[in-house]
Amino acid sequence: MLTIKRVPTVVSNYQEDVSAAAAETVGCGRNCLGKCCLPVSKLPLYAFKGDGIDSIKGGEEPEVSFFDTLILGQWEDRMSRGLFRYDVTLCETKVIPGEYGFVAQLNEGRHLKKRPTEFRVDRVLQPFDGSKFNFTKVGQEEVLLRFEQSLDEKTHYFASSAVDSDSISPSVVAINVSPIEYGHVLLIPRVLECLPQRIDHESFLLALHLAKEAANPFFRLGFNSLGAFATINHLHFQAYYLSVPFPVEKAPTQKITMANGLPDNGVTISELLNYPVRALVFEGGNTLKDLSDVVSNACIFLQETKLPYNVLISDCGNRIFLFPQCYAEKQALGEVSQELLDTQVNPAVWEISGHIVLKRKNDYEDASENYAWRLLAEVSLSEERFQEVKTYIFEAAGFQEMVCVAEKEKGDGNEDVKDEDEDSLLGSSSRTSATYYPQGCLVQQ
């Protein structure tokens, strides 16, 4: 059986406590996020205004956000209380010389050996397993606030608010105790529902709301699916501040023209150009929900077809990058060079976006644009495979690219080929049962 040895990153000070009994004992005494403690607790609550008045206004300079200040203040409070495993502000960081401006960070504190667990690399969807570490075992001192939609059209903040056991499961923002950058936090939607690491419409919209409320272009959110270097199978998004543009944000894009007569939700889709990882870029939308629904549908398709992927949410929630990826597959099949494997970099959303976290001093000192490009090129689907997946994503998201019309405009003189080409692009309805991994691949995390 093909396997990959991998060491998970510690995201909570309680990560080593993986016993099922700890989650099942009533009143465990740890003041955790589980059903034994959370329903009778009080936490800060930030309630954002409802979806009905959420329009997306691009091109405006965001104002200083109360939520942004709140998150940073709470994060620095946890740092002063010694809850992090190291001081990330002391980590060396540099912009690698070259055209793209890849960012390298030396973060030896994340090079921690822990007991390995396993998940299958050919199964992007896997059931939640309460016997393994999950966020219900996090201590409440690691939580910055609850993040939920308000019941009216106003934003509210309560420094201490009771968690009603009769209400829906709360969504929380917590620190990552092994931060990559300043302000590194985790958004955990509906924590008590113990959702596996898979995107759904409601949770993705919540992530966009978090980006919008922060209103800070240096604050980005990321999502890693299973098989794309998510280390915990409990639904969560990551977010942190980086005070320079990600290289992927500076890369050129080409807008994809869609067929006429489709619903106009204001969402535009582009293809990333001149970047080592092939990706789609979603922007705009008449409302935040419009943008969220299109991207969610695309992600759900990738999940159901067993294709790992990463998502970057940037520009205060107005711009979303979707990266289907195959690095773990290539790694399992022995197709990645030993030189790249030796750096022990697992390219997840931050690395793919151009912020590469290195664990060894010599790798940091020798980091070059050529190394970054070679690493990320291994992540990308081939051009042929990407175009096939892109077509299916469009159909799942309710779009249809005008590929055939564009070819017709080139003057190839073949007017009758259009219907046949459209049929071959869309494929058959049986595509959702396809798999993009050979059976038997296993990742040891």
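Any value given below was found using the heavy atoms of this structure, including those in side chains, with hydrogens, waters and symmetry copies removed.
Side-chain contact between Lys42 and Val163 is absent, with no heavy-atom pair separated by less than 4.5 Å. Taking 4.5 Å as the limit, every side-chain heavy atom of Val88 sits out of range of all side-chain heavy atoms of Ile180. Using a 4.5 Å heavy-atom cutoff, the side chains of Phe229 and Pro347 are in contact. For the pair Pro179/Tyr86, a side-chain contact is recorded, criterion being any heavy-atom separation below 4.5 Å from C-beta on. For the pair Cys299 and Val311, the minimum side-chain heavy-atom distance is below 4.5 Å. In this structure, the side chains of Leu38 and Gln140 come closer than 4.5 Å at one or more pairs of heavy atoms. Using a 4.5 Å heavy-atom threshold, the side chains of Val143 and Leu33 count as touching. Residues Ile393 and Leu302 are in side-chain contact: their nearest non-hydrogen atoms beyond the backbone lie under 4.5 Å apart.
Counting only N and O atoms by type, the side chains of Gln303 and Tyr309 include a donor and acceptor under 3.5 Å apart. Using modelled atom types and a 3.5 Å distance limit, the side chains of Thr155 and Tyr46 yield no donor-acceptor pair. In the model, Asp293 has no side-chain atom that pairs as donor or acceptor with a side-chain atom of Ser296 under 3.5 Å. Between Gln197 and His236, the side chains place a donor N or O and an acceptor N or O closer than 3.5 Å (distance only, hydrogens not considered). Under 3.5 Å, the side chains of Arg198 and Ser225 contain no donor-acceptor pair of N or O atoms.
For Phe282 and Phe321, the ring centers are positioned 6.0 Å apart or more. If you look at Tyr100 and Trp373, their ring centroids are closer than 6.0 Å.
When atom types are taken as modelled, the side chain of Arg220 and the backbone of Phe218 share a donor-acceptor pair closer than 3.5 angstrom. Without hydrogens or angle criteria, Thr343 side chain to Leu340 main chain gives a donor-acceptor distance under 3.5 Å. Between the Trp75 side chain and the His184 main chain, a donor and an acceptor come within less than 3.5 Å of each other. A donor-acceptor pair is defined here as one N or O able to donate and one able to accept, closer than 3.5 Å; no such pair exists between the side chain of Glu193 and the backbone of Leu195. Without hydrogens or angle criteria, Lys94 side chain to Val103 main chain gives no donor-acceptor distance under 3.5 Å. The backbone N or O of Asp315 lies less than 3.5 Å from a partner atom in the side chain of Asn318, making a donor-acceptor pair. Asn134 places no side-chain N or O within donor-acceptor distance of the main-chain N or O of Cys194, the cut-off being under 3.5 Å. Checked by atom type and distance alone, the side chain of Ser161 never pairs as donor or acceptor with a backbone atom of Phe158 at under 3.5 Å. Side-chain atoms of Ser380 never come within 3.5 Å of backbone atoms of Leu376 as a donor-acceptor pair (strictly under, hydrogens ignored).
Using a cutoff of 4.0 Å between basic side-chain nitrogens and carboxylate oxygens, Lys49 and Glu153 are not scored as salt-bridged. One finds no salt bridge joining Arg85 and Glu142 here, because no Lys/Arg side-chain nitrogen approaches an Asp/Glu carboxylate oxygen to under 4.0 Å. Taking 4.0 Å as the cut-off between side-chain N and carboxylate O, Arg360 and Asp366 do not count as a salt-bridged pair. A salt bridge does not link Lys359 with Asp363: none of the charged nitrogens is closer than 4.0 Å to a carboxylate oxygen. Salt-bridge annotation for Glu271 and Arg278: absent, with no side-chain N of the basic residue lying under 4.0 Å from a carboxylate O of the acidic one.
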Check: What do the steps show when you test Asn265 against Asn286 for side-chain hydrogen bond (donor to acceptor under 3.5 Å, both in side chains), and what is the final call?
Finding: CA-CA 6 Å; Asn265 52 22; Asn286 298 326; 6.0 Å; no
Check: Going through the distances and angles, do Glu249 and Arg319 end up as a salt bridge (charged side-chain N to carboxylate O under 4.0 Å, His left out)?
Finding: CA-CA 9 Å; Glu249 294 173 327; Arg319 197 173 190 217; over 6 Å; no
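The 12-atom threshold is not exceeded at NZ of Lys255, counting heavy atoms of other residues, nucleotides or ligands nearer than 6.0 Å. Other residues, nucleotides and ligands place no more than 12 heavy atoms under 6.0 Å from the CG atom of Leu151.
In this pair, His234 and Phe135 present their aromatic rings tilted. The plane angle is within the 30 to 60° band. Below 30°, between 30° and 60°, or above 60°: for Tyr240 and His355 the angle between ring planes is above 60°, a perpendicular geometry. Note: Phe237 and Phe223 have tilted aromatic rings, judged against thresholds of 30 and 60 degrees for the angle between ring planes.
When all heavy atoms are compared, the tightest approach of Val349 to Asn310 is N-ND2, 3.5 Å.
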